[in-house]
Amino acid sequence: MARILLAEDDHSLRNFLAVALQRAGHEVRAVDDGLAAADALEQGGFDLLLADVVMPGLDGIELARRAGKQYPNIKIMFITGFAAVAMSARSAPPKGARVLSKPFHLRELVGQVESFLAA
């Protein structure tokens with residue numbers, strides 16, 4: 001079981017993802033934007049940051065940079081429908097981060113998360 005911080009601004013998607021990950025045995029803290037996720041990171045203890053790239057307040061790339069500086073061992077995975085646009089050279093994700101492009105099936109997400117955590 002892993003502790004996952006899920007940052008996704010789409011309410012329905014956030015709930016679907018949280019439930020799927022919880023059913024897979026993970027503890028999930030789900031928040032609706034990057035600023036709320038940054039606050040949640042302060043509590044520490046997360047194994048994985050699962051973040052949308054495009055969010056209000058603080059985007060997923062900057063959130064991941066902060067998380068990586070504060071917690072070097074945290075794994076980072078992005079979920080986005082804008083991967084090609086959002087991941088430009090100047091806004092590259094932290095080294096080792098993974099990207100899962102929307103749309104995806106919930107089983108695919110759970111499988112990718114579990115594979116990434118096991119690596």
State which residues pass side chain to side chain donor-acceptor pair (under 3.5 Å) with Glu108; sequence neighbours excluded, sorted by chain then number. none
For a side chain to side chain contact (heavy atoms under 4.5 Å, CB included) check, start with the C-alpha distance between Ile76 and Leu48, then their side-chain angles and the critical distance, and finish with the verdict. CA-CA 6 Å; Ile76 299 166; Leu48 173 69; 5.8 Å; no
Just so I know, are the side chains of Val113 and Leu117 near enough to count as touching, which here means a heavy-atom distance under 4.5 Å? yes
Sequence neighbours left out, what pairs pass salt bridge (charged side-chain N to carboxylate O under 4.0 Å, His left out) with at least one residue falling in residues 19-37? Arg3-Glu27
Is the shortest side-chain heavy-atom distance between Asp47 and Lys75 below 4.5 Å? no
Measure the spacing between CD1 of Ile4 and CZ of Phe46 and express it to the nearest 0.5 Å. 10.0 Å
Closest non-hydrogen contact found for Phe78 with Ala97 is CE1-CB, 3.8 Å
What are the two closest non-hydrogen atoms of Ala51 and Gly60, and how far apart are they? CB-CA, 4.5 Å
Under a 4.0 Å N-O cut-off, is there an ion pair linking Lys102 with Asp52? yes
In short, Ala7 meets Met55 closest at the heavy-atom pair O-SD, 3.5 Å
Tell me whether the count of non-hydrogen atoms from other residues, nucleotides or ligands lying under 6.0 Å of CZ in Phe104 goes above 12. yes
Heavy-atom closest contact (Ala37 atom, Leu5 atom, distance): O-CD2, 3.5 Å
Verify the cluster assignment for Val53 and Leu49: are they in a single hydrophobic cluster under the rule of side-chain heavy atoms below 4.5 Å apart? yes
Would you say the side chain of Leu109 lies within less than 4.5 Å of the side chain of Leu100, judging by non-hydrogen atoms? yes
Salt-bridge test for Arg66 and Glu42: reply yes if a basic N is under 4.0 Å from a carboxylate O, no otherwise. no
If I compare all heavy atoms of Ala20 with all of Val110, which pair ends up nearest, and what's the gap? O-CG2, 3.8 Å
Results of side chain to side chain donor-acceptor pair (under 3.5 Å) for Arg107 - residues two or more places apart only: His105
The criterion is side chain to side chain donor-acceptor pair (under 3.5 Å); which residues satisfy it with Gln22, sequence neighbours excluded? none
Considering only heavy atoms from C-beta outward, does the side chain of Ile74 approach that of Leu41 to under 4.5 Å? yes
Euclidean distance, Leu63 CG relative to Leu35 CG, rounded to 0.5 Å: 9.0 Å
Considering residues at least two apart in sequence or located in another chain, which fulfil the side chain to side chain donor-acceptor pair (under 3.5 Å) criterion with Asn15? His11
Who pairs with Arg98 by salt bridge (charged side-chain N to carboxylate O under 4.0 Å, His left out), at least two apart in sequence or on another chain? none
Which heavy atom of Leu58 sits nearest to which heavy atom of Glu62, and what is that distance? CD1-CG, 3.4 Å
Identify the residue among Val31, Leu50, Ile79 that makes a side-chain contact (heavy atoms from CB on, under 4.5 Å) with Glu8. Ile79
